[in-house]
Structures are given as structure tokens and as C-alpha cells.
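This report concerns only the one structure given below.
Count residues from 1 along the sequence. Computation of the quantities below employed the complete heavy-atom set of this structure, encompassing side-chain atoms and omitting hydrogens, waters and symmetry-equivalent molecules.
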Amino acid sequence: MYNLLFVVVLVALDQWFKHLATKMLVDIVPVVVVPHFIGFNYVHNYGAGFSILSGKVDFLIVITAVALLAIAVGIVAKKFDNKIDEFSFVLILAGGIGNLVDRVVNGYVVDYLEFLFMEFPIFNFADILICTGVGLFVLNTIITEFISKKKKGES
């Protein structure tokens, strides 16, 4: 139950950040927050990550909704092996819902964060949640497999 409450809080934060970006950043030049590191730059993303499948909003809505439903069922049914995997999918679910809300309501996702030190797509808080969740899951899987193999080798 706490997981789903945490998802609601993260989605609310994401939507609030996007609301602020829409109110404050539309029609202004990009804003440097930390020189040579990060800034604000308001854009509409009509695709998925890195603008793939641009213009395929209906497809993205359906595929995202199905994936998020599967994740939500897994969280509620406690199908994850450990708390780190569960937390990883809570982050992915929250980020996915945040971007799904944008696609359903607007037909695009609001992005506003831009790295200034490298060429990288403009992104948002929901993207950070998704990437952090995926990264944490992958890292935990690698560590778990390493420990498991090490224990088998000791037997």
C-alpha cells in the first residue's frame, strides 16, 4: 500500500514540475541553471525516449498503459524477489504514469531539463524516475547474480 502511495506522490511531483515548466519556461530562451552543466529548455516530445516513435502517440499510450498495468499488478501482488527490485519498479511505474498522463492529456510529453556539457535529449523528472528505476534494477540483478555464482562456487 505504501508503494502505491509513493507512486502517487512521485506522479504528483512530476506533474507539478511540468506545470511549473509550462508556466515559467514557455516562450523564453533556455535558462542556464549551473553553467556548463544543466539548464531549463522547454520542449514538447511527441515520441518516447530520445523521441523514438515520434508521432505514434496512440501506440505509445496503449503499449505504455499495458506495461504499467503489468508493473502495478506485480507491485500489488508482491511478485518481486526483493525490496530493491520492488522499489525499482515503483520508480518505473511513477515515471511511466507521469509521462502517460502528458500523452493522454496533451498528446505530447513536456520536457524541460537539458544537460549543457554533452549532446543529450531534453528530459524531465519522470524520465529520471524511469532511468533510475531501470538502472537500479539492472545493478541489483548483476550484484545478485554475482553473489549467487560466488556462493555456488564456494559450495
Kindly give the heavy-atom pair with the smallest separation between Ser88 and Gly133, and that separation in Å.
-> CB-O, 3.3 Å

Check Gly47 against Arg103 and note the closest heavy-atom contact, atom names and distance.
-> O-NH2, 3.0 Å

The complete set of ring-ring contact (aromatic ring centres under 6.0 Å, His included) pairs with one or both residues in residues 128-148, sequence neighbours excluded, reads Phe89-Phe137

With no hydrogens and no angle check, is any side-chain donor or acceptor of Thr144 less than 3.5 Å from a backbone partner on Asn140?
-> yes

Are Val134 and Ile84 connected in a single hydrophobic cluster, I mean Ile/Leu/Val/Met/Phe/Trp/Tyr linked by side-chain heavy atoms less than 4.5 Å apart?
-> yes

With hydrophobic residues grouped by side-chain heavy-atom distances under 4.5 Å, do Ile61 and Ile97 end up in a single group?
-> yes

At what distance, to the nearest 0.5 angstrom, does OG1 of Thr22 lie from CD of Gln15?
-> 9.5 Å

Answer yes or no: are there more than 12 heavy-atom neighbours, outside Asp81 itself, under 6.0 Å from its atom CG?
-> no

Side-chain H-bond candidate by donor/acceptor type, Asn124 with Asn99, under 3.5 Å = yes

Should we say atom CZ of Phe120 is surrounded by more than 12 heavy atoms from elsewhere, each under 6.0 Å from it?
-> yes

Which heavy-atom pair separates Ala126 from Gly95 by the least distance, and what is that distance?
-> CB-O, 3.3 Å

Rounded distance [0.5 Å steps], CD in Glu86 versus NZ in Lys78 | 5.0 Å

Do side-chain atoms of Asp102 reach the backbone of Val110 as a donor and acceptor pair under 3.5 angstrom?
-> yes

What is the distance from atom CE of Met24 to atom NE2 of His19, rounded to the nearest 0.5 Å?
-> 10.0 Å

Begin with the C-alpha distance, continue with both residues' side-chain angles, and end with the deciding distance and a verdict on side-chain contact (heavy atoms from CB on, under 4.5 Å) for Val57 and Tyr108.
-> CA-CA 7 Å; Val57 176; Tyr108 56 83; over 6 Å; no

When the ring planes of Phe40 and Tyr112 are compared, do they come out parallel, tilted or perpendicular, using 30° and 60° as the limits?
-> tilted

State, to 0.1 Å, how close Leu60 and Thr64 come at their nearest heavy-atom pair, and which atoms those are.
-> O-OG1, 2.6 Å

Do Asp111 and Asp127 pass the side-chain contact (heavy atoms from CB on, under 4.5 Å) test, and can you show the C-alpha distance, the side-chain angles, and the key distance before you say yes or no?
-> CA-CA 9 Å; Asp111 288 333; Asp127 298 334; 3.5 Å; yes

May I ask you to test the Leu129-Ile92 pair for a side-chain heavy-atom distance under 4.5 Å?
-> no

Phe125 and Leu10, any side-chain heavy atoms less than 4.5 Å apart = yes

Look at the side-chain heavy atoms of Ile, Leu, Val, Met, Phe, Trp and Tyr, link any pair under 4.5 Å apart, and say whether Ile71 and Val104 land in one connected group.
-> yes

Quick one: are Val34 and Leu116 in side-chain contact, heavy atoms under 4.5 Å?
-> no

Using the rule that two of Ile, Leu, Val, Met, Phe, Trp, Tyr join whenever any of their side-chain heavy atoms come within less than 4.5 Å, decide whether Ile38 and Phe117 are in one cluster.
-> yes

Could you give me the CA-CA distance, side-chain angles and deciding distance for Asp14 and Lys18, then say whether side-chain contact (heavy atoms from CB on, under 4.5 Å) is met?
-> CA-CA 6 Å; Asp14 172 65; Lys18 289 172 180 171; 2.9 Å; yes

Going through the checks in order, is the side-chain contact (heavy atoms from CB on, under 4.5 Å) test met by His44 and Val109?
-> CA-CA 6 Å; His44 295 166; Val109 173; over 6 Å; no

Determine the sole option in Ile75, Leu93, Val76 for which the side-chain contact (heavy atoms from CB on, under 4.5 Å) test with Asn3 is passed.
-> Ile75

Roughly how far apart are Asn45 CG and Ser54 OG, rounded to 0.5 Å?
-> 7.0 Å

Are Val33 and Leu113 co-members of a hydrophobic cluster defined by side-chain heavy atoms under 4.5 Å apart?
-> yes

